[in-house]
2 protein chains.
Amino acid sequence: MNFIDQLARAERLHDSLLCVGLDPEPGKFPGAWKGDAGKIFDFCAAIVDATKDLVIAFKPQIAYFAAHRAEDQLERLMAYIKRTAPDVPVILDAKRGDIGSTAEQYAREAFERYQADAVTLSPFMGFDSIEPYLRYADKGVILLCRTSNPGGNDWQMQRLADVPGQPRLFEHLAHRAQTEWNRNGQLALVVGATYPAEIARVRELAPTLPLLIPGVGAQGGDAQATVQAGLVCDASGASTGPIIVNSSRAVLYASAGDDFAQAARRVALATRDALNAASAAARR
Amino acid sequence: MNFIDQLARAERLHDSLLCVGLDPEPGKFPGAWKGDAGKIFDFCAAIVDATKDLVIAFKPQIAYFAAHRAEDQLERLMAYIKRTAPDVPVILDAKRGDIGSTAEQYAREAFERYQADAVTLSPFMGFDSIEPYLRYADKGVILLCRTSNPGGNDWQMQRLADVPGQPRLFEHLAHRAQTEWNRNGQLALVVGATYPAEIARVRELAPTLPLLIPGVGAQGGDAQATVQAGLVCDASGASTGPIIVNSSRAVLYASAGDDFAQAARRVALATRDALNAASAAARR
């Protein structure tokens, strides 16, 4: 099953737009695990167990594993999710960006070594930095498009003088991702949650691409604007322009006590429900 | 000693502008090692032994290690270079690009886990994707600027409508890297070798930054144009605008036989000498 179909299935089965990001920081682990990088797998597996029926996807961030020499634990975690939550697609957040045989090596790392269903990429080097990943026809490829950090303005917001209509860089990127770059129909885009008007603009230019949206907090405070701007559904309520709303720390570190997994579940449930309430409101 | 000083010392000691890129591909290993990912360290160490007195830097490309679950061999290799070639700075080619605590994890991976002297980064997310690396005040940070692949035109060549003079994106990036972004004086830029006029343009906008230039072949065919466009020296012949010219496969796979290390040395020597001849011609 390809990534887009996996997403649609998980959205339906779990009635969820929520992605739980797995960014393990041993310094924030509960109780006796605090500071122990050897517990990265155990911590993440407990979060997976506690939330796997509530999510549209999991998103491990590889930097948190690499900094702690924990690639073996990431391998175990990916295998664990495949085994215990086979309905949940896994996005490896790696933001790789290279070309040619180097890109082939990174694709092999993401899709063969770690068995990810999708990977995030940085498009700075252009289409031929994306193309090697597209050779894995069923895999999702999620491009940075418009990020909400201050430096997101440095390049992504620049208007392109020589492109008709002088779109901003992120607008031109969204258009190309929806059209000529989307060879397998498995492309998606990263769009930050801070500026709903920009989510809406990306959605306008890329009507069917899944949007991976980081930055919605535990309280779901900005959930409504995010969902309204990004989600498109057909008459039956099925999404034709899906969104994947990521929450990491608010879920992972909801409690520093032995109840961390239950607390993570409570926050994930509340966030999922806030997103669904926003979604119901948006459909009315 | 900071990265810029390490570079200057290696350039002087080894009379070299050549960087040997360590992109190990087990399928290209010689003789009995062919196809054996367990020999990645041994292969790279043999290349280091054979070329360490001929280079300004080594540049391991992390993707080639990650694809083969060989992070442990990369750790050993980095330690080996530090021990046996302490005069040669090591650039970890990773092209990371993320923000906040994720960027901190990647910086920790590059500078603490692997003990790299410099790392390559992708600047798509803007200055705050660079800043966490600058907290390591002596370390080099090498930004993608203008790459020679076809997709390098997709964004890097775009003229920016709202910046005075409508520079191309790579021009504006070179300017910012030379000025406001260069807080520790340890920034450098990646500029492809294919278009010497663009190297010259980057050099004009970033007169003192080291330029890491991939794409010069074994024959040194384009060495002269590259050196002429990129290298700036003072009256004594010391470089004030250094270049680091990378060659990977032409050196690593100069022979598929048991003489691979000697063959690598021959090619490295010929490439170094071609670069030096071009440098002498450029100074006349």
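The chains referred to below are lettered A, B, ... by the order of the sequence lines, with proteins before strands, and numbering in each begins at 1. No experiment lies behind these values; they were computed from the predicted model shown.
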Above 12 or not: heavy atoms from other molecules or residues under 6.0 Å from CZ of A:Arg135?
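Yes, because the 6.0 Å sphere around CZ of A:Arg135 holds more than 12 heavy atoms from other groups.
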Go through the atoms of [X] and report whether side chain, backbone, both or neither lie under 4.5 Å from a heavy atom of chain B.
X	result
A:Ser122	side chain
A:Arg113	side chain
A:Glu131	neither

For chain A, which candidate among [options] shows the most heavy-atom pairs at distances under 4.5 Å?
options	result
B:Tyr106, B:Phe65, B:Phe127	B:Tyr106
B:Gln61, B:Gln166, B:Glu104	B:Gln61
B:Pro150, B:Ser129, B:Gly97, B:Ala103	B:Pro150
B:His172, B:Arg249, B:Glu112	B:His172
B:Glu71, B:His68, B:Glu109	B:Glu71

For the candidates [options], which exhibits the highest count of non-hydrogen atom pairs separated by less than 4.5 Å from chain B?
options	answer
A:Thr120, A:Leu169, A:Asn149, A:Val163	A:Asn149
A:Ala107, A:Pro123, A:Gly152	A:Pro123
A:Ser101, A:Ala110, A:Ala94	A:Ser101

So, does A:Asn182 use its side chain to make a donor-acceptor pair with the main chain of A:Leu187 at under 3.5 Å?
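Yes, A:Asn182 side chain to A:Leu187 backbone: donor-acceptor pair under 3.5 Å.
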With side-chain contact (heavy atoms from CB on, under 4.5 Å) as the criterion, how do A:Thr147 and A:Phe170 come out once you've worked through the C-alpha distance, each side chain's angles and the decisive distance to 0.1 Å?
CA-CA 9 Å; A:Thr147 61; A:Phe170 83 88; over 6 Å; no
What is the ring orientation for A:Tyr133 with A:Phe111, classed by angle as parallel under 30°, tilted 30 to 60°, or perpendicular over 60°?
perpendicular
Should the pair B:Phe124 and A:Phe124 be assigned to parallel (<30°), tilted (30 to 60°) or perpendicular (>60°) ring geometry?
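B:Phe124 vs A:Phe124 ring planes: perpendicular.
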Heavy-atom pair of closest approach, residues B:Lys95 and B:Asp93
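What the structure gives for the nearest pair is NZ-OD1, 2.9 Å.
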Decide whether a cation-pi geometry holds between A:Lys28 and A:Tyr253; the criteria are a distance under 6.0 Å from NZ or CZ to the six-membered ring centre and an angle within 45° of the ring axis.
yes
Given A:Tyr64 and A:Ser248, is the side-chain contact (heavy atoms from CB on, under 4.5 Å) satisfied, shown in steps?
CA-CA 12 Å; A:Tyr64 290 83; A:Ser248 299; over 6 Å; no
Side chain / backbone / both / neither for B:Leu173 at chain A, heavy atoms under 4.5 Å
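For B:Leu173, backbone and side chain are both near chain A.
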Answer with side chain, backbone, both or neither: which region of B:Thr102 has an atom nearer than 4.5 Å to a non-hydrogen atom of chain A?
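For B:Thr102, backbone and side chain are both near chain A.
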Checking B:Asn246, B:Val251, B:Thr271, B:Val267 against B:Val20 for side-chain contact (heavy atoms from CB on, under 4.5 Å), the one that qualifies is B:Val251
